[in-house]
Amino acid sequence: MKQGDSLKSRAIWAIGSLGLLGISYGICRGILPVVNRFFAPSGANMLAVASLFPLSLAISINNRRLTIATHIGYLGGFLLALIFNTDGVVPGGGSTNNFYIIWNMCFLLSVLAGIFAESFHRAKR
């Protein structure tokens, strides 16, 4: 445990992080059906569940950089996907959209950046 990190502050950080993920999930689930006609609730649900893994890992080892990166990746990836998604047509005549690809890749890259930032910070100490 780091110096100055009490159990109470870690508990507040953990509860706040999980609460922020819940709020982000609610925002994404509330906005997504309105702006994206390719909305699939399972995609948002799977990414929320997937974000619980790095978030719970970061909370358990007191890794605040990864926690912040997870939140940035979840909400930031959603916003970037809203901005940059495009509709397309597949050869069979169906339509497609790259919204979830952008959201998932931004989330993954952000989590990886959080892992690298923490390992770099620990190597510097």
Side-chain angles (χ1 to χ4, degrees):
M1 193 185 288
K2 295 178 186 172
Q3 194 174 19
D5 260 352
S6 69
L7 187 59
K8 182 179 177 182
S9 69
R10 286 183 69 180
I12 291 171
W13 182 264
I15 292 168
S17 294
L18 293 173
L20 184 60
L21 179 65
I23 291 169
S24 299
Y25 173 75
I27 290 170
C28 295
R29 284 292 304 255
I31 292 174
L32 193 55
V34 175
V35 296
N36 189 350
R37 64 187 176 99
F38 292 99
F39 173 66
S42 60
N45 293 345
M46 288 184 344
L47 190 58
V49 170
S51 66
L52 284 174
F53 175 72
L55 193 60
S56 61
L57 177 68
I59 289 169
S60 67
I61 61 174
N62 200 24
N63 185 339
R64 294 192 176 184
R65 285 172 185 78
L66 181 57
T67 305
I68 293 168
T70 301
H71 288 299
I72 290 172
Y74 189 81
L75 207 51
F78 176 76
L79 294 174
L80 286 174
L82 282 177
I83 295 169
F84 295 113
N85 73 25
T86 56
D87 296 332
V89 178
V90 294
S95 55
T96 185
N97 186 291
N98 63 354
F99 182 87
Y100 285 110
I101 295 170
I102 295 170
W103 192 5
N104 287 324
M105 294 311 299
C106 289
F107 174 74
L108 180 65
L109 291 175
S110 180
V111 168
L112 290 175
I115 292 170
F116 287 131
E118 183 63 28
S119 63
F120 179 73
H121 176 72
R122 288 187 186 200
K124 253 177 74 171
R125 286 195 286 175

List the atom of [X], the atom of [Y], and the distance in Å for their closest heavy-atom pair.
| X | Y | result |
| --- | --- | --- |
| A48 | L21 | O-CD2, 4.3 Å |
| N63 | L66 | OD1-N, 3.1 Å |
| C106 | G77 | CB-CA, 3.5 Å |
| P54 | A50 | CD-O, 3.0 Å |
| L55 | S17 | CD2-O, 4.0 Å |
| V89 | T96 | N-CG2, 4.3 Å |

How far does [atom1] of [X] sit from [atom2] of [Y], to the nearest 0.5 angstrom?
| X | Y | atom1 | atom2 | value |
| --- | --- | --- | --- | --- |
| R64 | R10 | CZ | CZ | 8.5 Å |
| I68 | L20 | CD1 | CG | 10.5 Å |
| W13 | T67 | CH2 | OG1 | 6.0 Å |
| R65 | S119 | CZ | OG | 10.0 Å |
| I23 | C28 | CD1 | SG | 12.0 Å |

Only counting residues at least two apart or in another chain, list the ones meeting side chain to side chain contact (heavy atoms under 4.5 Å, CB included) with [X].
| X | result |
| --- | --- |
| S110 | A69, I72 |
| F53 | none |
| I12 | K8 |
| L108 | M105, L112 |

Residues forming a side chain to side chain donor-acceptor pair (under 3.5 Å) with T86, sequence neighbours excluded: N98
Side-chain hydrophobic cluster, 4.5 Å single linkage: members besides [X]:
| X | answer |
| --- | --- |
| L75 | none |
| L109 | none |
| F84 | L80, I83, I102 |

Minimum side-chain heavy-atom gap Y25-L47 below 4.5 Å: no
Pairwise side-chain contact, R29 with N45, heavy-atom cut-off 4.5 Å (strictly under):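 Yes, their side chains come closer than 4.5 Å.
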Set of ring-ring contact (aromatic ring centres under 6.0 Å, His included) partners for Y74, sequence neighbours left out: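 Partners of Y74 by the ring-ring contact (aromatic ring centres under 6.0 Å, His included) criterion, ordered by chain and then number, come out as W103.
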Transitive ILVMFWY side-chain link F99 to I27, under 4.5 Å: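 As far as the 4.5 Å side-chain criterion goes, I27 and F99 are connected within one cluster.
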